[in-house]
Amino acid sequence: MSLLFLKAMGIGLAVAAPVGPMSLLCMRRSLTDGWRPGLATGAGIALGDGLYAAVAALGFAGISAFMLEYEKPLHLAAGLFLIWLGLRSFWRKTDAEAAPGLHAAWPKALGSALLLTLTNPPTIIMFAAIFAALAPKSGFSPSAAVLTTSGVVAGSMLWWCVIVAGVSIFRHAIGIRARRWIDRISGAVLMLCGGLELRRAI
């Protein structure tokens with residue numbers, strides 16, 4: 001395994017690790033819906049990070065400029081989406097009350113996490129700044145860009161696997177009342193994060 005891949009893997013891990021709305025979303029889905037939707041949420045986040053890493057590594061200036069030009073509408077979309085997720089979590093029925101099939105399916109969990117991750121264009125700037133320190137003077141070759149992007153996805157996915165595994169261990173030990181309060185608290189936090197995103201769109 002090359003040193004470049006290991007460095008990129010460390011970057012992906014560092015980008016994923018800070019606690020934020022995406023971490024909360026992954027933990028809540030793992031707790032309430034099970035490890036498959038939780039892992040799918042983490043995979044969606046990792047793929048989003050990987051796409052932004054690819055744009056930064058390959059120097060797609062046009063895509064970067066387009067995303068940054070529409071940064072405010074994207075923050076608006078992210079804010080409304082987070083508020084919607086927060087409301088769903090806040091009023092969500094517990095396992096004992098829910099109808100069969102109500103839980104999020106993993107493809108839906110993956111897609112929603114990917115779209116939510118892609119509504120944060122400044123991530124391109126962050127990856128571009130990091131890769132500027134990693135890249136040789138001649139820039140990334142296509143093979144090096146693929147290797148770097150793969151490392152970012154692997155590092156991010158490693159973090160989400162750890163999170164999902166940790167939450168799943170305690171999932172069955174938490175009672176219905178505790179889950180109800182967790183849903184309400186996480187819903188309120190997600191709505192707060194959505195409100196902050198809406199402020200960035202102003």
Side-chain angles (χ1 to χ4, degrees), residues 12 15-34 36-56 60 62-94 97-99 101-128 152-153 156-157 159-160 163-164 167 179-202:
V15 169
V19 177
M22 301 308 294
S23 299
L24 182 63
L25 182 63
C26 181
M27 289 187 285
R28 192 195 70 80
R29 283 178 174 172
S30 300
L31 180 64
T32 58
D33 298 333
R36 289 183 181 85
L39 197 60
T41 300
I45 301 168
L47 287 174
D49 288 342
L51 287 174
Y52 275 144
V55 170
F60 292 156
I63 296 177
S64 301
F66 175 83
M67 297 293 288
L68 293 173
E69 182 179 355
Y70 291 96
E71 180 178 355
K72 288 187 176 182
L74 288 171
H75 282 306
L76 176 63
L80 293 174
F81 193 27
L82 284 171
I83 290 173
W84 178 72
L85 289 174
L87 287 170
R88 283 192 64 188
S89 178
F90 192 88
W91 296 110
R92 182 184 181 279
K93 293 182 179 180
T94 58
E97 303 167 322
L102 187 62
H103 297 319
W106 71 262
K108 184 178 178 180
L110 188 149
S112 62
L114 174 60
L115 289 175
L116 193 54
T117 303
L118 292 177
T119 56
N120 190 27
T123 306
I124 295 179
I125 298 176
M126 178 183 63
F127 277 119
V152 168
V153 174
S156 180
M157 198 62 216
W159 173 256
W160 298 119
I163 292 295
V164 172
V167 172
R179 289 192 189 190
R180 184 181 293 117
W181 277 106
I182 290 171
D183 277 339
R184 290 175 178 173
I185 292 171
S186 62
V189 173
L190 286 171
M191 285 187 282
L192 177 61
C193 293
L196 293 175
E197 284 292 316
L198 292 180
R199 285 192 62 184
R200 296 174 69 181
I202 299 175

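Positions are given from 1, in the same order as the sequence printed here. The basis for the numbers below is simple: all heavy atoms, side chains too, and nothing from hydrogens, waters or symmetry mates. Just so we're clear, the structure is a prediction, and the values are computed from it rather than from any experiment.
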Next item on the list: Kindly compute the distance separating CG (L47) from OH (Y52), expressed to the nearest 0.5 Å.
Entry: 13.5 Å

Item checked: Distance-only donor-acceptor check, side chains R29 and S112, under 3.5 Å -> yes

Next item on the list: Could you tell me which non-hydrogen atom of V164 sits nearest to which non-hydrogen atom of L39, and how far apart they are?
Entry: CG2-N, 3.7 Å

Check: Looking only at heavy atoms, what is the nearest atom pair of T117 and I45, with distance?
Finding: OG1-CA, 3.5 Å

Next item on the list: Quick one: closest heavy-atom pair of L198 and L80, and the distance?
Entry: CD2-N, 4.0 Å

Check: What are the two closest heavy atoms between V167 and S30, and how far apart are they?
Finding: CG1-CB, 3.8 Å

Next item on the list: Please name the pair of heavy atoms, one in A113 and one in T41, separated by the smallest distance, quoted to 0.1 Å.
Entry: CB-O, 3.3 Å

Next item on the list: Measure across C26 and G38 and return the closest heavy-atom pair with its distance rounded to 0.1 Å.
Entry: SG-O, 3.4 Å

Note to self: Would you compute the distance between atom CD1 of I163 and atom CG of L24 and round it to the nearest 0.5 angstrom?
What the structure shows: 11.0 Å

Notebook entry, point to check: Quick one: are L118 and L51 in side-chain contact, heavy atoms under 4.5 Å?
Noted result: yes

